[in-house]
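Some notes on the structure that comes next.
All chains are named by letter (A, B, ...) in the order of the sequence lines, taking the proteins before the strands, and each is independently numbered beginning at 1.
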Number of protein chains: 2
Amino acid sequence: MNTRFAVATHILTFLAYQAGEPATSELIASSVNTNPTFIRRLLTQLAKAGLSTSQLGAGGGALLARAPRDISLLDVYRAIDEEQQVFAIHEAPNPNCPVGRSIDVVLKGRMMDAERALQAQLATTTIADLAADIAKRNKAG
Amino acid sequence: MNTRFAVATHILTFLAYQAGEPATSELIASSVNTNPTFIRRLLTQLAKAGLSTSQLGAGGGALLARAPRDISLLDVYRAIDEEQQVFAIHEAPNPNCPVGRSIDVVLKGRMMDAERALQAQLATTTIADLAADIAKRNKAG
DNA sequence: ACATATGTAACCATTTTGGATACATATAAC
DNA sequence: GTTATATGTATCCAAAATGGTTACATATGT
């Protein structure tokens with residue numbers, strides 16, 4: 001998969017650490033080690049999903065739109081991965097073959113089962129959990 | 001994701017339908033609607049994973065190496081997806097940032113939880129299940 | 001006004017993906 | 001043993017995805 005989900009999660013965790021202080025795309029980019037445009041593109045998607053907001057102008061930047069404990073990794077996944085599925089099928093199998101005729105429908109069902117299991121697990125973790133894990137790790141390490 | 005997992009599953013289900021009769025890469029390709037080389041590349045991976053075998057020469061082709069009920073979608077997933085993970089992280093975050101320093105380790109753990117949930121679900125379906133679903137669907141439809 | 005920061009478009013290089021051709025090797029059939 | 005068949009693999013290619021870069025119109029705080 002691409003790294004957008006990971007970077008989006010990084011962004012939100014960073015914002016949680018900011019504790020209400022707006023963060024510019026440049027500041028976030030320096031934490032992620034990428035460029036501000038990439039961050040702004042993701043922030044736009046996160047804002048559309050209701051996970052972040054942005055303040056224009058001097059002293060502005062991105063903020064969480066909700067409490068970290070109310071943002072799950074599933075929320076992030078849904079905000080970023082527009083396709084909403086890790087599996088892809090091969091288009092247009094042979095309709096004259098017994099297998100080709102039905103494989104797509106049958107396989108899609110099983111793929112969706114796996115996708116649901118993945119998403120259910122993602123729902124069990126919040127940005128607050130990640131922030132706590134990081135705080136503990138930095139204190140210990 | 002790419003379509004290799006779906007095509008590999010199609011191949012194995014096709015072989016299950018062949019009931020012991022060898023299938024050439026060309027025949028399989030016509031069912032999948034792709035080219036024989038792509039099929040052979042996947043068959044090589046499936047054979048390395050112990051899921052299929054191949055017979056050279058006239059009348060040859062690919063065969064299942066195990067009973068369809070003994071091949072799970074997790075077996076296919078592991079045979080095909082060498083990376084074994086749907087999630088990717090962004091490399092080299094800023095070590096001087098509290099979040100950048102620890103996000104990778106922490107997030108990787110949660111990603112692996114989700115990956116495990118996905119794989120556990122894949123393990124519940126076998127090629128025999130898919131073949132049965134297809135047979136039922138073709139009879140009904 | 002002026003500096004700052006977003007949102008978005010445009011362009012680019014790299015990688016991934018799947019398709020196409022080619023061919024050495026191995027096997028079956030005769 | 002010769003011939004037809006089929007694999008396994010290398011090579012090349014075009015299209016798409018991915019993330020980086022520049023640019024700039026718009027909005028906001030000072």
In whole angstroms, the gap separating C1' of dT5(D) from CG of L27(B) amounts to 14 Å
Between CD1 of I28(B) and C1' of dA6(D) the distance, given in whole Å, is 12 Å
In whole angstroms, the gap separating P of dG20(D) from CD of E91(B) amounts to 12 Å
Rounded to whole Å, CG of N2(B) lies from C1' of dA16(D) at a distance of 13 Å
Output a table of nitrogen or oxygen pairs between the protein and nucleotides 6-9 of chain C separated by less than 3.5 Å.
{"unit_1": "dT6(C)", "atom_1": "OP1", "unit_2": "S25(A)", "atom_2": "N", "d": "3.0"}
{"unit_1": "dT6(C)", "atom_1": "OP2", "unit_2": "S25(A)", "atom_2": "OG", "d": "2.9"}
{"unit_1": "dG7(C)", "atom_1": "N7", "unit_2": "R40(A)", "atom_2": "NE", "d": "2.8"}
{"unit_1": "dG7(C)", "atom_1": "O6", "unit_2": "R40(A)", "atom_2": "NH2", "d": "3.0"}

For the residue pair R110(B) and D133(A), establish whether any side-chain heavy-atom pair is separated by less than 4.5 Å.
yes
Sorted by chain and residue number, the ring pair (Phe, Tyr, Trp, His ring centres under 6.0 Å) partners of F5(B) (sequence neighbours excluded) come out as F87(A)
T126(B)-R69(B) side chain donor-acceptor pair, cut-off 3.5 Å: no
- Any side-chain heavy-atom pair of L64(A) and L51(A) under 4.5 Å: no
To the nearest angstrom, the CZ-P distance between R4(B) and dA17(D) comes to 15 Å
Taken to the nearest whole Å, CZ/F38(A) to C1'/dA13(C) is 15 Å
### Message
Go through it in stages, so that I can follow the logic: the residues are D113(B) and R116(B), the test is salt bridge (charged side-chain N to carboxylate O under 4.0 Å, His left out), and I'd like the CA-CA distance, side-chain angles, deciding distance and then a yes or no.
### Response
CA-CA 5 Å; D113(B) 291 342; R116(B) 268 190 289 271; 2.8 Å; yes
Atom CZ of F5(B) and atom P of dG18(C) are separated, to the nearest Å, by 14 Å
Assign each of G59(A) and G59(B) the nucleotide of DNA chain D bearing its closest heavy atom; nearer the 5' end lies the nucleotide of G59(B)
- Look at T3(A) and dG19(D) and indicate whether a side-chain polar atom (N or O) is within less than 4.0 Å of OP1 or OP2. yes
NA contact type, N35(B), heavy-atom cut-off 4.0 Å: base, sugar-phosphate, or nothing?
base
Atom CG of L42(A) and atom C1' of dG20(D) are separated, to the nearest Å, by 13 Å
The salt bridge (Lys or Arg N to Asp or Glu O under 4.0 Å) partners of D75(B) (sequence neighbours excluded) come to R66(B)
Can you confirm whether L27(B) sits close enough to F14(B) that some side-chain heavy atom of one is under 4.5 Å from a side-chain heavy atom of the other?
yes
